[in-house]
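Lettering of chains follows the sequences in order, A, B, ..., and the numbering in each one begins at 1.
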2 protein chains.
Amino acid sequence: MTVTQQARTPRRRAPRNTLNPDRILDAAVVLLDRDGAEAFTMRALAAQLGVGTMAVYSHFRSKEEISDAVAQRLLSEVELPAMGEAESTADAREQLREVCRSVFRLFADHPSALQLLTTRPMRGDEAIAVIDRMLGLLRAAGLDRVDAARAHVALMQYTVGSALWNVRRDRALCEDGLRDRVRARLADLPADRYPALTELVPELAIAQDAGMAQYELGLDGLLTGLIGPGPRSAR
Amino acid sequence: MTVTQQARTPRRRAPRNTLNPDRILDAAVVLLDRDGAEAFTMRALAAQLGVGTMAVYSHFRSKEEISDAVAQRLLSEVELPAMGEAESTADAREQLREVCRSVFRLFADHPSALQLLTTRPMRGDEAIAVIDRMLGLLRAAGLDRVDAARAHVALMQYTVGSALWNVRRDRALCEDGLRDRVRARLADLPADRYPALTELVPELAIAQDAGMAQYELGLDGLLTGLIGPGPRSAR
DNA sequence: ACCTGAACACCGTTCAAGT
DNA sequence: ACCTGAACACCGTTCAAGT
């Protein structure tokens with residue numbers, strides 16, 4: 001777990017105003033996407049920016065405040081589909097799919113964002129726009145107020161869960177030979193004790209690796225259950 | 001974030017064999033459930049056990065190894081419903097609901113377990129039994145091999161996401177006055193920009209707080225979408 | 001105002017030493 | 001074999017000091 005010390009070329013004093021909140025957040029996102037959440041350190045962030053560790057504290061009060069700001073910025077990048085009013089349930093359903101896919105994609109593109117967004121509650125105005133859009137579409141799909149609110153929460157829960165599952169799996173695959181060890185263990189399972197599992201090992205592996213395709217399968221299922229079958233429900 | 005130092009009453013040397021893996025895991029679960037994942041520290045664990053910090057290392061190679069063992073133990077506590085063969089799709093659906101609810105309940109009872117289980121992949125034999133049971137039920141419900149595997153992944157993703165959502169909300173509620181601040185912000189939203197959201201603020205609050213009931217709503221939706229409507233689909 | 005290094009209270013873990 | 005304290009390389013953050 002311990003990392004070898006960087007060669008500490010003695011840095012000259014940074015000129016004034018090299019730093020500002022935006023530059024800091026840019027660097028934070030780079031660091032998170034490239035090296036992961038556990039490498040997101042005040043010291044690493046400052047090094048990335050070419051300043052002393054404490055310089056960052058002139059612009060943010062704490063690491064937590066930076067994390068919140070990063071989450072906020074990433075949420076603002078969720079693309080809401082350009083739209084006219086949804087004119088039918090089918091329209092609404094399709095646009096709903098699009099918004100959910102955007103949120104899922106955000107997590108796929110910025111895996112470390114997930115940790116920020118799941119650890120801390122979604123504050124911030126950016127999340128608001130996404131939520132409003134989803135609720136409007138659920139209403140347009142014909143749900144009453146109570147059902148729309150419930151459906152929205154269910155969709156977000158499923159989306160977060162799917163994203164988390166994928167991120168976890170991607171990270172696990174980086175570990176040395178874990179994939180092979182898991183495969184070996186699954187191949188060794190006693191078929192009489194675990195008949196269903198042993199029969200479905202290859203299908204499970206495929207489903208685990210299917211990423212967005214797997215997400216959409218569950219999403220379609222959930223939408224069907226919540227707002228009724230879509231126009232092409234014969235799959 | 002810094003914690004005031006404990007009064008360090010000088011501890012007398014612990015007799016040999018006071019420690020064993022089981023006692024260590026018991027203490028770890030207590031610590032996690034009571035004080036949360038961020039308070040789960042090798043030093044705190046040792047203190048809880050009344051031994052020096054390094055004593056634990058005679059039984060586990062690292063903190064990571066302890067975390068894995070805790071996750072394993074908690075998964076072994078998931079109650080699988082006693083069952084005969086599922087004799088109809090309706091039977092299978094009902095038993096499936098029961099298994100999913102057990103997994104969800106595990107997370108509700110041991111919120112910090114979620115972090116362990118979502119950070120590291122589910123290794124260990126205990127998870128295997130749960131997975132096998134779910135797959136068997138999905139097959140009994142009439143799904144083919146590919147669809148059963150996909151449905152299982154979707155159900156687990158939704159379950160993990162819902163549990164995470166609830167844990168996050170519970171933790172957020174502990175923060176000082178956060179609830180009121182969020183409520184105030186939602187009340188202040190411009191109704192012309194966010195028409196759907198402003199209209200549904202109370203319904204959303206209810207759905208967020210509904211816990212297991214909200215989980216079941218999405219679960220029913222998902223099951224309906226994945227394996228078809230249940231016997232009492234007229235809700 | 002903004003950037004700096006030293007210092008403090010934490011953390012997981014290595015190591016040599018006690019029993 | 002099992003438990004111990006000192007020590008090391010980290011971490012976030014406080015503080016007084018530079019410019």
Side-chain angles (χ1 to χ4, degrees), chain A residues 1-25 27-28 31-32 35-70 112 115-116 119-120, chain B residues 1-25 27-28 31-32 35-70 112 115-116 119-120:
Chain A
M1 195 59 79
T2 306
V3 179
T4 54
Q5 180 79 327
Q6 312 256 80
R8 271 279 280 132
T9 58
R11 191 174 28 72
R12 49 181 73 263
R13 188 179 185 93
R16 311 182 117 249
N17 301 323
T18 25
L19 246 45
N20 59 58
D22 265 337
R23 265 178 51 72
I24 292 174
L25 293 183
L31 210 58
L32 281 163
D35 302 332
E38 69 286 353
F40 176 44
T41 288
M42 293 303 278
R43 283 163 165 91
L45 180 58
Q48 171 82 12
L49 288 159
V51 299
T53 307
M54 295 312 300
V56 180
Y57 283 90
S58 298
H59 300 86
F60 291 94
R61 270 196 293 277
S62 65
K63 186 184 181 185
E64 191 177 353
E65 204 174 273
I66 300 177
S67 297
D68 283 345
V70 168
S112 47
Q115 192 157 336
L116 302 183
T119 307
R120 335 222 76 261
Chain B
M1 195 56 81
T2 306
V3 180
T4 55
Q5 181 78 328
Q6 311 257 77
R8 272 278 280 132
T9 58
R11 190 174 31 70
R12 47 181 72 265
R13 187 180 186 92
R16 313 181 114 247
N17 301 322
T18 23
L19 247 45
N20 60 57
D22 265 337
R23 266 177 51 73
I24 292 173
L25 293 183
L31 210 57
L32 281 163
D35 302 333
E38 70 286 354
F40 175 44
T41 287
M42 293 303 278
R43 282 164 165 91
L45 180 58
Q48 172 81 13
L49 287 159
V51 299
T53 308
M54 295 312 300
V56 180
Y57 283 90
S58 299
H59 304 269
F60 291 95
R61 270 197 291 279
S62 66
K63 187 184 181 184
E64 191 177 353
E65 204 174 271
I66 299 177
S67 296
D68 283 345
V70 169
S112 48
Q115 193 156 336
L116 302 182
T119 307
R120 335 223 74 262

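With sequence neighbours left out, the salt bridge (Lys or Arg N to Asp or Glu O under 4.0 Å) criterion links B:Asp22 to B:Arg73. The side-chain contact (heavy atoms from CB on, under 4.5 Å) search around B:Ala37 returns B:Leu32, B:Ser112, B:Gln115, not counting sequence neighbours.
For B:Lys63, the listed nucleotide lying nearest its side chain is C:dT13; candidates were C:dT13, D:dC3, D:dG12. Checked against D:dC2, C:dT13, C:dC2, the side chain of B:Thr53 finds its nearest nucleotide in C:dT13. Among the nucleotides C:dG12, C:dC2, D:dC15, the one closest to any side-chain atom of B:Thr41 is C:dG12. Nearest nucleotide to the B:Asn17 side chain, out of D:dC2, C:dT13, C:dC3: D:dC2. When distances are taken from the side chain of A:Arg13 to each of C:dT13, C:dC2, D:dG12, the shortest belongs to C:dC2. Of all nucleotides listed (D:dG18, D:dC3, C:dA6), C:dA6 comes nearest to the side chain of A:Met54.
To the nearest angstrom, P of C:dC11 lies 19 Å from CD of B:Glu64. Taking atom NE2 on B:His59 and atom C1' on D:dT4, their separation rounds to 13 Å, with Å as the unit. Distance CD (B:Glu38) to C1' (C:dC10): 14 Å, rounded to an integer number of Å. Across the protein-nucleic acid pair, A:Asp35 atom CG and D:dC11 atom P stand 12 Å apart, rounded to whole Å. One atom, CZ of A:Arg43, and another, P of D:dC11, lie 6 Å apart when rounded to the nearest Å. Taking atom CG of residue B:Leu45 and atom P of nucleotide C:dG12, one finds them 10 Å apart after rounding to whole Å. One interatomic measurement links the two molecules: CZ of B:Arg12 to C1' of D:dC3, which rounds to 15 Å at whole-angstrom precision. If you take CE of A:Met42 and C1' of C:dT4, they are 15 Å apart, rounded to a whole angstrom.
Contact annotation for B:Ala14: backbone-only contact, meaning every heavy-atom pair under 4.0 Å involves sugar-phosphate atoms and none involves a base.
The phosphate of D:dT13 has OP1 or OP2 within less than 4.0 Å of a side-chain N or O from A:Tyr57.
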Could you pull out all donor-acceptor pairs under 3.5 Å where a side-chain atom in residues 41-58 of chain A meets a protein atom, sequence neighbours excluded?
from: A:Ser58; atom 1: OG; to: A:Ala55; atom 2: O; distance (Å): 3.4

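Screening residues 51-60 of chain A for salt bridge (Lys or Arg N to Asp or Glu O under 4.0 Å), with sequence neighbours left out, gives no hits. Applying the salt bridge (Lys or Arg N to Asp or Glu O under 4.0 Å) test to every pair with at least one member in residues 44-62 of chain B, sequence neighbours left out, gives these pairs: B:Arg61-B:Glu65.
Side-chain contact between A:Asp68 and A:Phe60 is absent, with no heavy-atom pair separated by less than 4.5 Å.
Comparing B:Arg61 and A:Ser58 against DNA chain C, the residue whose closest nucleotide sits nearer the 5' end is A:Ser58.
The CD1 atom of B:Ile66 lies 11.0 Å from the CD atom of B:Glu64; values are rounded to the nearest 0.5 Å.
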Using Watson-Crick and G-U wobble pairs with both distances under 3.5 Å, what is the 5'-to-3' dot-bracket string of DNA chain D, with [ ] for crossing pairs and | for pairs outside the strand? ||.|||||...|||||.||
